[in-house]
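Worksheet: the structure to be examined is printed underneath.
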Amino acid sequence: VGGTAKISGSVGAFVAGKGAELTVNNGEISGDAFAISGNGTKSATSDQGNTVINIYGGKITSTNAAGIYHPQDGVLTVTDGEITGTSGIEIRSGTLNISGDAEITATAEEFVIDDNGSGSTTDGAAIAVAQHTTKQPITVNITGGTFTGVVALNDSNIQNNDGSSPVTIEIENGQLNGALQSDGFADITVKDSEISGNVTNSGTGDLEITGGTITGNVTNSSKGETVISNAEVVGTVSNTGEDGNKGSVAIIDSTVGAVSKEDASITIVNSTIGDDKEPTTNVGENVAMVGANVYPTLKAAIDAANEGD
């Protein structure tokens with residue numbers, strides 16, 4: 001699709017089946033439902049995946065659903081253009097690559113998510129990551145772009161999957177105009193990005209934020225781990241999980257508006273809190289650190305470390 005071409009319908013473009021490919025260089029694709037959609041069917045007798053969708057420009061617009069709905073095992077690449085819907089992009093399987101000057105916008109005024117074994121789940125998120133009942137891996141790579149909505153990016157385990165197939169999200173140099181939320185099992189890395197909203201890790205995965213600015217609060221409310229390093233948080237950092245369901249939080253070489261007073265469990269290393277003029281460190285006699293946790297000996301840290309730590 002290119003030039004001034006315009007494609008519209010209930011679904012503007014349907015991409016399904018091995019080898020199916022769509023490339024948009026310019027023009028417009030619109031739909032009352034999804035502007036672009038795939039089919040997530042994957043069984044012994046039918047596999048609608050292995051698709052390739054490339055968006056290099058143009059306008060992708062849905063009136064009543066996600067701009068792009070990607071339930072299949074395939075690769076979706078966006079380097080430019082405008083994608084708009086009640087959610088911008090919902091990926092439930094496969095790989096999503098976003099870079100350049102792409103603008104992804106969710107138009108829904110409220111964030112709503114419901115389980116769905118045969119369709120989309122989320123309204124109100126510029127990027128919605130919601131692993132399907134097919135339990136296929138999801139990889140999201142973002143190296144630029146602007147993401148606008150009540151929620152800029154949401155990761156969920158709305159189907160209550162067992163986590164046996166990983167979900168990985170990496171964001172670098174992104175402009176997130178809205179909240180960043182993780183309620184699933186994804187491991188999320190955010191580097192040198194601007195987040196205009198709150199950040200919440202209420203899932204079981206790890207969230208690492210390096211560089212950039214967060215205008216809202218950062219809350220770790222479950223078993224997950226949240227690490228903030230070399231970043232600025234305007235709001236309050238909290239670790240609010242209950243006993244038996246409490247994760248860990250670390251603030252390293254950062255500037256933070258406040259740390260919730262009841263959260264003595266938060267590890268602080270060389271970071272400025274509130275109006276303090278001098279950096280704070282509260283690791284006591286501990287000598288080593290893995291993720292958000294500190295250890296009294298190097299051996300204890302090595303024993304606790306996982307591959308990649």
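Owing to the predicted nature of the structure, the values given are computational and were not obtained by experimental measurement.
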Polar side chain donor-acceptor pair, D123 to S87, under 3.5 angstrom: no
Check: T236/S260 side-chain N/O donor and acceptor closer than 3.5 Å: no
Donor-acceptor pair between N270 and D253 side chains, under 3.5 angstrom: yes
Under 3.5 Å: donor-acceptor pair, side chain of K246, backbone of N239: yes
Within 6.0 angstrom of D275 CG, more than 12 heavy atoms from elsewhere: no
What pairs of donor and acceptor atoms, side-chain ones from residues 94-115 against any protein atom, are under 3.5 angstrom apart with sequence neighbours left out?
{"residue": "N97", "atom": "OD1", "partner": "N141", "partner atom": "ND2", "Å": "3.0"}
{"residue": "T107", "atom": "OG1", "partner": "G85", "partner atom": "O", "Å": "3.2"}

Short side-chain donor-acceptor distance under 3.5 Å, T51 and E21: no
Residue pair S271 / T280, side-chain heavy-atom distance below 4.5 Å: no
Residue pair N154 / Q181, side-chain donor-acceptor N/O under 3.5 Å: yes
Just list the side-chain donor-acceptor pairs under 3.5 Å for residues 172-179, sequence neighbours left out, or say none.
{"residue": "Q175", "atom": "NE2", "partner": "N177", "partner atom": "OD1", "Å": "3.0"}
{"residue": "N177", "atom": "ND2", "partner": "T148", "partner atom": "OG1", "Å": "3.2"}

Side-chain donor/acceptor of D192 to backbone N/O of G211, under 3.5 Å: no
Backbone of I252 reached by a side-chain donor or acceptor of S254 within 3.5 Å: yes
V11-V15 co-clustered via ILVMFWY side chain contacts under 4.5 Å: no
Closest non-hydrogen atom pair, F185 against S165: CE1-O, 3.5 Å
Flag side-chain contact, heavy atom, 4.5 Å: V140 against I138: yes
Modelled atom types, side-chain donor and acceptor of Q72 and R92, under 3.5 Å: no
Single-linkage hydrophobic cluster, 4.5 Å side-chain cutoff, V218 and I188 together: yes
Close side-chain approach of V129 and I169, heavy atoms under 4.5 Å: yes
D162: partners by salt bridge (charged side-chain N to carboxylate O under 4.0 Å, His left out), with sequence neighbours left out: K135
